[in-house]
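We count residues from 1, following the sequence as given.
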Amino acid sequence: MSFHQIKKILLLTGSSALLILISCTSAPDIEDVQFLSAKQKKFHPFSDKRSAPLIAMTERLDSDSQSFSGDFSIRIESGINQKEKINLDGRIFFSKRSGKIKIQLMDSLFGLIFSQVISSSDKIDIKSAGKDEIHSQPMDDIRLVDPRTKKTTIIPFPIIYYALSLGFSQEFKKNKSYFSPEENRVLVVRGKDEYQYVFSNGILDSLEFYSELKNIKAIATVRNKQGKNLHPPDALITKVANLKTDQETNLIELKFKTVKRGVEIPESVFRF
């Protein structure tokens, strides 16, 4: 594929525009994932003794998580009818001590880094290649806009961050959190948005996001090889849909190629 065949899109975060180069190749469709059939109606507050076993389990998961670095591929299918397909490569670093994640995005053909993202639990910094300025924003969505079609794809970065960092026990403590030991779910309310953490067999199975203000819902589902409990997981599949109509707007598959677990990530990595 020649250089001029690579499609260009804009990565927008707030008022900042980041030019990125993306190669489009044919590949099987991303596995679909399903939202919960219904929201759990009975939750207990953090202080309720019935919540204690579920709190203890999430704290163990948090304690067992570890720093890591790795290479990954990411595929995005967007659009309600005619799906646009995007393929990227990337590199990721996570420090358990600081809770920071750094993601470097690059085009699949040339391996050139075009955008870097450094995120903590409440802040995202983004820097694009060829630009000196750094765009900073609170933890929030990242938007992909195709300049040809003007279509916008919303990337729900918070649930991707929380699913990969596993630092949710602190999130449960500092936000309004409600626990359902019967269904192994935790409901967290951040402002007007709701998150539901769903656990299965003692590990995080999926993380759902509901926003009436943005009229979207999203789910991030972890995928591991059978019988293995890995952090980070082998893959993370995220689905975004219209909250009112249930129409799917995009699917995102982040699949790790290589991972080094338990490595110490120096603080110097989290600088541009």
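Two residues are said to be in side-chain contact when any heavy atoms from C-beta on lie closer than 4.5 Å; V117 and I124 meet this criterion. Between V188 and E171, the closest side-chain pair of non-hydrogen atoms is not below 4.5 Å. Taking the side chain as every heavy atom from C-beta outward, P232 and F72 never approach each other to under 4.5 Å. At least one side-chain heavy atom of N250 sits less than 4.5 Å from a side-chain heavy atom of I155. K192 has its side chain out of reach of E212: every pair of non-hydrogen atoms, C-beta onward, lies at least 4.5 Å apart.
Proximity of a side-chain donor or acceptor of N242 to a complementary backbone N or O of K244 within less than 3.5 Å is detected.
A salt bridge is defined here as a Lys NZ or Arg NE, NH1 or NH2 lying under 4.0 Å from an Asp or Glu carboxylate O, and K173 with E59 meets this definition. A salt bridge is absent between R223 and E253; no separation between the charged side-chain nitrogens and carboxylate oxygens falls under 4.0 Å. A salt bridge links D140 to K214: one of the charged nitrogens lies within less than 4.0 Å of a carboxylate oxygen.
Considering every non-hydrogen atom in both F93 and S69, the closest pair reads CD2-CB, 3.7 Å. Here the closest heavy-atom approach between residue M139 and residue F157 is recorded as SD-CD2, 3.8 Å. Closest approach of L61 and L166 over heavy atoms only: O-CD1, 4.5 Å. Heavy-atom minimum distance, L243 versus Y210: CD1-CD2, 3.8 Å. In plain terms, the two heavy atoms of R190 and Y195 that are nearest each other are NH1-CD1, 2.7 Å.
When each of Y197, F46, F43 is checked for a ring pair (Phe, Tyr, Trp, His ring centres under 6.0 Å) with F179, only F46 meets the rule. When each of Q104, R271, K127, R91 is checked for a side chain to side chain donor-acceptor pair (under 3.5 Å) with Q116, only Q104 meets the rule. The only member of Y162, Y161, F199 that meets ring pair (Phe, Tyr, Trp, His ring centres under 6.0 Å) when paired with F168 is F199.
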Derivation of the salt bridge (Lys or Arg N to Asp or Glu O under 4.0 Å) call for D193 and K217: CA-CA 10 Å; D193 296 337; K217 62 180 180 178; over 6 Å; no
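Note on I92 and V269: separate hydrophobic clusters, where clusters join Ile, Leu, Val, Met, Phe, Trp and Tyr whose side-chain heavy atoms are under 4.5 Å apart, directly or indirectly.
In this structure, I126 CD1 and I142 CD1 are separated by 4.5 Å, a value rounded to the nearest 0.5 Å. Atom CD1 of I237 is separated from atom CD1 of I252 by 11.0 Å, given to the nearest 0.5 angstrom.
Side-chain contact check for S177 and N175: no donor-acceptor pair (N or O, by modelled atom type) lies under 3.5 Å.
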